[in-house]
Amino acid sequence: MTNVVITGSARGIGLAMAAEFLRSGCHVTLSGRGETLAPEAAHALSSHKDQFIYIPCDVQIMDNLKNLWDASRTKWGTVDIWINNAGRSTAYNAVWETEEDCTRKVIGTNLLGTVFGSQIAAAEMIRQGHGAIYAMEGMGSNNMIQPKTILYGTTKHALTYFMKGLAKELEGTNVIVGRLSPGMMLTDFITKTPDGEPSDVIRDNKFKRVFNTLADRPETVARFFIPRILENSKNNAQIVWLTPWKAARRFMSMGMRRGKLL
């Protein structure tokens, strides 16, 4: 069996990917900041209860990530795939209106969390002789600038550079690196602020038109990602769900798309 670790997998795309890996016969270690997996998430995975464990982990803390690796290896024997998925959004504000605590948390989670996780996974995978490390791209990875979200975009832009560089440094080892590009998804990132309040962005009619044209549910994206992750053996791979061609086709038929998400 393939053994997988996913940071930030208590909800959203992380949880959806965990479910798909389980359906594919993998062992999965889920993680999040909560002490336990939420009852509704645990229930959704209950038919695979012998295939997964949950480990609390704040990716901003290196020791938490090391414990995540150690617990996974102890349970499953190896860690074959490590996915840096944990992420945090900011409130829909201009950068000068964003509080210091929020600024630190979005950079610490999205960027430092990926760096710390990749450092641990790379060193341990080199030691065990194989492995694959992935990270989740997002708005900003492709240089697009969206006002009032530029701190988030800055972390994703830097993340892409980091993962490309890590792939280069790992050339010649049996450890590969990849990036996952999901496009727009209906998750708490969009609908809620970091404090759990309804986000101002969902009241922006221009944004809603674009979102309803391009966005998908996390389960749809996860079904696309997981078989490609399991099949991939290429270093520096980028697995892209919302390609430019797919986006263009959706804009051309935007008036006919059913099932608006917002």
Side-chain angles (χ1 to χ4, degrees), residues 1-59 64-65 67-69 71-77 79-89 109-110 113 117 132 134-138 180-199 202 211-212 215-231 239 241-242 258-262:
M1 276 192 180
T2 301
N3 305 317
V4 183
V5 174
I6 310 173
T7 68
S9 46
R11 60 184 181 177
I13 184 61
L15 181 61
M17 288 194 298
E20 283 300 315
F21 275 121
L22 291 170
R23 278 190 280 269
S24 296
C26 301
H27 291 136
V28 179
T29 301
L30 295 95
S31 69
R33 286 177 292 162
E35 285 301 311
T36 59
L37 193 60
E40 59 270 24
H43 177 73
L45 306 178
S46 60
S47 60
H48 302 278
K49 62 182 179 180
D50 295 329
Q51 289 175 240
F52 76 88
I53 57 173
Y54 175 85
I55 304 295
C57 179
D58 183 341
V59 298
N64 278 203
L65 286 159
N67 179 63
L68 179 61
W69 174 279
S72 302
R73 184 177 56 186
T74 298
K75 178 65 176 179
W76 310 122
V79 176
D80 305 307
I81 298 173
W82 176 284
I83 300 178
N84 295 298
N85 174 69
R88 188 178 179 92
S89 62
T109 302
N110 298 2
Y134 289 89
M136 193 71 67
E137 293 188 316
L180 307 175
S181 181
M184 302 178 80
M185 293 179 294
L186 182 64
T187 67
D188 288 351
F189 260 52
I190 297 297
T191 60
K192 295 181 181 179
T193 69
D195 296 325
E197 297 298 320
S199 173
I202 64 175
F211 186 84
N212 284 326
D216 295 280
R217 298 187 183 278
E219 295 79 9
T220 302
V221 180
R223 283 193 295 270
F224 175 85
F225 276 160
I226 272 53
R228 288 161 179 81
I229 292 171
L230 292 172
E231 293 167 3
I239 301 174
W241 162 248
L242 186 64
R258 297 180 180 179
K260 292 182 179 180
L261 299 177
L262 286 181

Can you name the closest pair of heavy atoms from S31 and I6 and give their distance? OG-O, 3.1 Å
Side-chain heavy-atom pair W82, L65 within 4.5 angstrom cut-off: yes
Apply side-chain contact (heavy atoms from CB on, under 4.5 Å) to the pair T109 and V59, showing each step before the final yes or no. CA-CA 6 Å; T109 302; V59 298; 4.0 Å; yes
If every non-hydrogen atom of C26 is compared with every non-hydrogen atom of Q51, which pair is closest and at what distance? O-NE2, 2.8 Å
Between A10 and Y54, which heavy-atom pair has the shortest distance, and what is it? CB-CE1, 4.4 Å
Quick one: are P182 and M136 in side-chain contact, heavy atoms under 4.5 Å? yes
Spacing of OG1 belonging to T7 relative to CG belonging to N84, to within rounding of 0.5 Å: 5.0 Å
Decide yes or no on side-chain contact (heavy atoms from CB on, under 4.5 Å) for L30 and F21, but give the supporting numbers first. CA-CA 11 Å; L30 295 95; F21 275 121; over 6 Å; no
Nearest-0.5 Å distance that lies between atom CG in N85 and atom CG in N110: 10.0 Å
Any idea which heavy atoms bring D80 and M1 closest together, and the distance? OD2-O, 3.8 Å
Would you check if F224 and I239 make a side-chain contact, meaning some heavy-atom pair closer than 4.5 Å? yes
Can you see which heavy atom on L37 is nearest to which on F52, and at what distance? CD2-CE1, 4.1 Å
Distance check, rounded to the nearest 0.5 Å: I13 atom CD1 versus E219 atom CD? 8.0 Å
Is the shortest distance from a Lys or Arg side-chain nitrogen in E231 or R228 to a carboxylate oxygen in the other one below 4.0 Å? no
Could you go step by step and tell me if T29 and K75 meet the side-chain contact (heavy atoms from CB on, under 4.5 Å) rule? CA-CA 9 Å; T29 301; K75 178 65 176 179; 5.8 Å; no
Rounded to the nearest 0.5 Å, what separation is found between the CZ atom of R23 and the CG atom of L45? 8.5 Å
Counting C-beta onward and ignoring hydrogens, is there a side-chain heavy-atom pair between I81 and L230 closer than 4.5 Å? yes
Distance-only, no hydrogens or angles: does the S46 side chain make a donor-acceptor pair with backbone N or O of H43 under 3.5 Å? yes
So, for G34 and P56, which heavy atoms are closest and what is the spacing to 0.1 Å? O-CB, 3.5 Å
Give the intermediate values and the outcome of side-chain contact (heavy atoms from CB on, under 4.5 Å) for residues V5 and W69. CA-CA 8 Å; V5 174; W69 174 279; 5.8 Å; no
Working to the nearest 0.5 Å, report the span between CG of L68 and SG of C57. 5.0 Å
With rounding to the nearest 0.5 angstrom, report the CG to CD1 distance, L180 to I229. 4.5 Å
